[in-house]
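Everything on this sheet refers to the single structure shown next.
All figures in this text were calculated on a predicted structure; none of them were measured in a lab. Counting convention: from 1, in listed order, for ligands and their atoms alike.
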Amino acid sequence: MSDDPRTRLVHAARPPKGSGGRPVNPPLTRLSTVLFDSVGEMQAVRGRRDSERVLSYDARGNPTAFALEDLISELEGGYRTKLFPTGLAAAAQALLSYLRPGDHVLITESVYAPVRRVARELLEPFGIEVGYFAPDGRDLEAHLQANTRLVYTEMPGSLLYELCDLPAIAALCRPRGILLAVDNTWGSAYLYRPLALGADISIMALTKYLGGHGDVVMGSVCTREEVWQPLSRLSDALGITVSPDDAWLVLRGARTLAARLEVHERQALEIARWLQRRPEVGRVYHPALPEHPGHALWRRDFTGSNGLLSFEFAEDDPALAARFIDALRLFGIGASWGGYESLAILAELSGRGALPTTSSCIVRLHIGLDDSASLIADLEQALAVTTAR
Ligand SMILES: *Cc1c(COP(=O)(O)O)cnc(C)c1O
């Protein structure tokens with residue numbers, strides 16, 4: 001297989017040559033029960049299923065999901081992948097798989113906000129100590145404890161796209177036996193490959209760019225071989241699986257990831273620069289802008305950027321930001337991102353520390369595949385409506 005990620009997206013997890021006439025795509029296979037020819041065969045498969053991926057019952061996965069797992073393992077450059085019903089479930093299960101009572105976990109302040117709730121509602125009540133570190137990683141070493149078991153970061157951070165030096169963090173963690181997990185949703189294992197930079201565990205919300213069409217939720221966790229077992233054992237114990245229909249949708253979306261990201265990237269940068277020139281707009285947050293504090297790390301470790309950007313208004317007024325979003329016509333108002341459509345939200349920064357801004361509200365845009373000139377015209381008319389006195 002080629003090392004080129006675009007070629008990987010096209011060729012991974014396809015029906016193999018040598019099987020005669022075959023479909024281009026892995027078939028959608030629906031099942032619950034799996035039938036065997038004999039008791040002996042069934043027992044043999046059950047004997048292997050804790051250590052190998054075999055088809056034994058749909059609670060342990062189905063062939064369509066296996067094909068998607070293979071595609072993700074190949075993109076991430078990892079050993080194996082587990083799929084979860086949502087990105088949040090993937091993050092929660094990754095935490096639960098590796099943490100036990102008495103352990104300490106360090107989470108980035110810029111984490112996707114619902115993960116804080118997992119920490120509060122599940123980890124802490126079960127005796128796992130939770131701490132947070134600055135999104136650029138500067139205070140990480142000072143926060144390490146004798147019982148630190150896992151460092152959980154997100155590259156780049158949600159909403160403001162802060163970056164930390166992942167290889168440097170890996171160098172702190174590895175000799176101390178601390179596992180390093182990264183939420184890789186932003187880079188989608190296409191723009192960024194944390195396992196190659198020293199992480200042990202990579203988590204993605206496939207809901208975003210891999211799915212890419214606003215019609216499916218799913219999450220993945222891909223690991224290095226040495227740390228695979230705890231994740232696999234817990235999800236089998238809990239009966240975690242995904243529907244073959246949903247896996248098929250994500251596989252279908254993933255084939256065009258590279259082509260879509262090129263458009264998202266180009267247009268989001270164009271719009272970020274346009275916003276920077278507007279007098280109504282304060283700071284614009286996008287890691288590919290040279291002014292961004294994490295820009296040098298982004299250039300070093302990522303191969304590109306996506307359709308996300310955030311900005312604050314020159315005048316810090318949540319009512320003004322809300323009026324602006326309400327005035328947009330081509331942007332939908334809604335959570336999530338990574339689909340073909342453009343979205344705008346008024347982002348919540350309250351509840352987290354280490355903020356690089358004093359602004360109380362941030363507008364987060366996802367630039368979709370609409371024509372960027374139409375999107376700029378829409379932003380322009382909304383600014384005019386919003387700031388008219
Ligand atoms: C959206 C998102 C998730 C959660 O994914 P869902 O499928 O919506 O549960 C996790 N991490 C990041 C960075 C996200 O943006």
Starting from atom 8 (O) of ligand 1, which protein heavy atom do you reach first, and at what distance in Å? Tyr112 OH, 4.0 Å
Geometric N/O contact Thr207 with ligand 1, under 3.5 angstrom: yes
Is it true that Glu109 and Arg116 have a side-chain N and a carboxylate O under 4.0 angstrom from each other? yes
Can you confirm whether more than 12 heavy atoms, excluding those of Arg120, are under 6.0 Å from its CZ atom? yes
When you check the gap from the basic side-chain N to the acidic O, do Arg329 and Asp378 get nearer than 4.0 Å? no
Gly87 N/O under 3.5 Å from ligand 1 N/O: yes
Suppose we measure from atom 12 (C) of ligand 1 to each protein heavy atom; which comes out shortest, and what is that distance? Asp183 OD2, 3.4 Å
Looking at CG of Leu172 and OG1 of Thr148, how far apart are the two atoms once the value is rounded to the nearest 0.5 Å? 11.0 Å
Given the side-chain rings of Phe313 and Phe324, with only the six-membered ring counted for Trp, is the space between their centroids under 6.0 Å? yes
Polar proximity ligand 1 side, Lys208 side, N/O cut 3.5 Å exclusive: yes
Given Glu154, Met204, Met218, which has its nearest heavy atom closest to atom 13 (C) of ligand 1? Glu154
Phe302 ring center within less than 6.0 Å of Trp186 ring center: yes
In terms of side-chain geometry, is the basic nitrogen of Arg60 or Asp236 positioned less than 4.0 Å from the acidic oxygen of its partner? yes
To which protein heavy atom is atom 5 (O) of ligand 1 closest, and what is the distance rounded to 0.1 Å? Ala205 CB, 3.1 Å
Judged by non-hydrogen atoms, does Trp337 sit under 4.0 Å from ligand 1? yes
Select one of side chain, backbone, both or neither to describe which atoms of Leu88 lie under 4.0 Å from any atom of ligand 1, heavy atoms only. both
